[in-house]
Each structure stands twice: as structure tokens, then as C-alpha cells.
Novice: 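Below is one structure. I have some questions about it.
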Amino acid sequence: MALNRFSFVLYLFILWKGLSDSFNINVKQARIFKGPKKSQFGYKVLQHEAEGQKWLLVSAPRDGIAKSKNGDIYRCNISNKRSSNCMKLNSGEAALKNISDDMKNTHFGMTLTRNSQGFMVCAPLWSQKCGSSIYNTGICTNISSTFQPSGITAPTAQDCGMSMDIVILLDGSNSIYPWYEVQRFLSNVLNKFHIGPKQIQIGVLQYAETVVHEFSLGEHKTAREVVEAARNISRQGGRETKTAMAVKVAW
């Protein structure tokens with residue numbers, strides 16, 4: 001049987017109604033939660049219940065000072081009031097305080113999701129430095145139901161490893177002159193190395209008639225400390241140059 005135009009439109013309307021779900025938004029009793037606009041307050045929201053109260057968790061991934069917008073999470077008390085104040089948890093600062101890498105613009109709060117411990121928040125732009133290389137691995141923290149950070153998760157972070165150990169032998173005999181040129185050369189060389197606990201370790205031996213350990217591997221933790229120590233090395237002096245003995249000691 002052919003359908004006329006009216007019945008055909010009615011048929012399509014009934015079909016569309018059967019495949020869809022509808023809902024109402026209560027605009028008369030809306031609850032308003034406010035936060036700093038420049039922090040992107042409201043990027044993510046999550047309902048949460050703790051300590052016998054109901055909360056709305058709101059992320060602000062650009063929260064913070066101008067030079068370090070690391071982001072954070074706010075908790076807003078859900079009450080019968082038309083509006084409610086929100087309190088910043090400072091969870092990003094608390095969770096990442098033991099991270100040694102420079103923390104800037106990590107956007108903590110771009111991920112906000114519930115888990116078995118409470119909820120998890122991520123900072124996807126956290127960068128890990130390995131020498132001159134930078135890896136955007138991201139980092140997450142678990143936060144308990146009572147709003148306490150409870151561990152860091154960084155599954156793609158890697159161990160930078162130890163690049164190499166370098167022992168430098170300095171000829172400190174009377175045949176080397178002027179000594180300040182040796183110090184300048186040594187400082188220039190050391191400034192080119194990526195020195196650190198998980199990077200390059202430097203040791204320096206000076207030799208002439210005897211061999212002297214100026215400083216050992218790992219004694220100085222940064223390039224600045226190593227360069228400063230190298231500048232303070234004074235010449236040993238002596239008529240003999242026992243290079244072979246120095247190599248043996250260094251080995």
C-alpha cells in the first residue's frame with residue numbers, strides 16, 4: 001500500500017523518536033560554580049563523594065602563575081545553594097614536588113577520571129630531560145578519595161642511563177706553561193659535557209713526578225660544580241712526567 005506524503009513524514013518521525021533518548025536540563029535551579037577564567041576552569045568535571053559530602057571536581061589545566069601554568073584541580077561542594085565556592089586542592093604541586101625536572105606548563109588536569117583509589121589526574125605535557133634531549137612523556141598521579149596524592153604514574157618515562165665515565169689526565173709538570181691556559185682549556189671542554197647523576201661523570205687526575213686525584217667520578221653533581229673545581233686546580237710541578245703511571249692509576 002502506498003503512503004501519502006503526510007503518513008510518510010509521520011512514519012519517519014516515529015522512527016526517529018524510537019531511536020533517540022531525550023532529557024531535560026533544569027535551568028530554574030541551576031548551580032553555578034565559578035573559577036578563574038584564564039586557568040580554563042571547567043575543562044574536565046567529575047562527580048565525587050567523600051567524607052559524607054558530595055563534590056564536583058573541576059580541572060583547570062592552565063592554573064598557576066604566568067611563567068608556570070602547571071594546572072590544578074578544584075573541589076566544589078554540591079549544596080542546595082544556587083552558587084557555591086570552589087577550593088583549589090593544590091594537588092599538582094603536592095604530587096609532583098619530588099620530580100627533579102623543571103616543571104613548566106605541564107597542564108595538570110587535562111585528564112580527570114575516577115579509579116579504585118579515588119581519582120586520577122594527568123599532566124600530559126610533563127617533559128623528561130635526558131642530557132640535551134627532551135621527551136614529552138606525560139605524568140599522572142592517583143589521588144585518594146580524601147584528596148591526598150598517593151603515587152606517581154609515568155609509564156612512558158625512561159631511564160636516561162649513564163652516558164659515560166670520563167677521567168681526564170692533566171700534565172702538571174714544569175714543561176706545561178702557562179698553567180692558566182690549561183685551566184681555560186679544561187673549563188671549555190667540561191662546559192660541553194652534559195654532567196649529572198644520570199649523565200656524564202667526570203674525574204680528574206694530575207701527574208708529574210707523582211699522581212694526584214684532584215676529584216673522583218661523581219664527586220661533583222653538576223657541570224657548574226665540575227668547572228668550578230677545575231678552575232681551582234693548581235699545578236703540581238716537577239721535572240719528571242710519569243704519563244704511563246698516570247694512565248695505570250686512572251685505569
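Atom set for the values below is all heavy atoms of this structure, side chains included, hydrogens, waters and symmetry mates excluded.
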Novice: Holding to side-chain hydrogen bond (donor to acceptor under 3.5 Å, both in side chains), I want the full list of residues that pass it with Thr210, two or more places apart in sequence or in another chain.
Specialist: Gln236
Novice: Specify the closest pair of heavy atoms between Cys86 and Phe33, including all atoms of both residues, with the distance to one decimal.
Specialist: SG-CB, 3.8 Å
Novice: My understanding is that only one of Tyr74, Tyr43, Phe108 makes a side chain to side chain contact (heavy atoms under 4.5 Å, CB included) with Asp63; could you say which?
Specialist: Tyr74
Novice: Treating Ile, Leu, Val, Met, Phe, Trp and Tyr as nodes and any side-chain heavy-atom pair under 4.5 angstrom as an edge, say whether Ile200 and Leu186 lie in one connected cluster.
Specialist: yes
Novice: Cys76 and Val58: side-chain contact (heavy atoms from CB on, under 4.5 Å), yes or no, with the steps?
Specialist: CA-CA 8 Å; Cys76 308; Val58 183; 3.9 Å; yes
Novice: Side chain of Glu225, backbone of Lys221: donor and acceptor closer than 3.5 Å?
Specialist: yes
Novice: Carefully, step by step, assess Phe119 and Thr113 under the rule side-chain contact (heavy atoms from CB on, under 4.5 Å).
Specialist: CA-CA 6 Å; Phe119 55 98; Thr113 184; over 6 Å; no
Novice: What are the two closest non-hydrogen atoms of Val211 and Ala246, and how far apart are they?
Specialist: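 The answer is CG2-CA, 3.7 Å.
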Novice: Consider only side-chain heavy atoms of I, L, V, M, F, W and Y, link residues closer than 4.5 Å, and tell whether Val226 and Leu217 are in one cluster.
Specialist: no
Novice: Closest heavy-atom contact between Lys192 and Asn188?
Specialist: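 So the minimum-distance heavy-atom pair works out to CG-O, 3.4 Å.
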Novice: Do His220 and Phe215 pass the side-chain contact (heavy atoms from CB on, under 4.5 Å) test, and can you show the C-alpha distance, the side-chain angles, and the key distance before you say yes or no?
Specialist: CA-CA 8 Å; His220 301 291; Phe215 52 85; 3.6 Å; yes
Novice: How close do Pro124 and Met110 get, heavy atom to heavy atom, and via which atoms?
Specialist: CG-SD, 3.7 Å
Novice: Which heavy-atom pair separates Gly237 from Ala208 by the least distance, and what is that distance?
Specialist: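 Heavy-atom minimum between the residues: O-CB, 3.5 Å.
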Novice: Quick one: salt bridge (charged side-chain N to carboxylate O under 4.0 Å, His left out) partners of Lys44, sequence neighbours excluded?
Specialist: none
Novice: Kindly work out whether a path of hydrophobic side-chain contacts (I/L/V/M/F/W/Y, heavy atoms less than 4.5 Å apart) joins Leu169 to Val204.
Specialist: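 Different clusters: Leu169 never reaches Val204 through Ile, Leu, Val, Met, Phe, Trp or Tyr contacts under 4.5 Å.
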Novice: Tell me if the CE atom of Met245 is crowded by more than 12 foreign heavy atoms within 6.0 Å.
Specialist: yes
Novice: Is the number of heavy atoms from other residues, nucleotides or ligands within 6.0 Å of CD (Gln47) greater than 12?
Specialist: no
Novice: Take Leu190 and Ile168 through the side-chain contact (heavy atoms from CB on, under 4.5 Å) test and state the conclusion after the steps.
Specialist: CA-CA 10 Å; Leu190 293 175; Ile168 298 175; 3.9 Å; yes
Novice: Of all the heavy-atom pairs spanning Ser187 and Arg231, show the shortest one and how long it is.
Specialist: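 So the two residues come closest at OG-CG, 3.6 Å.
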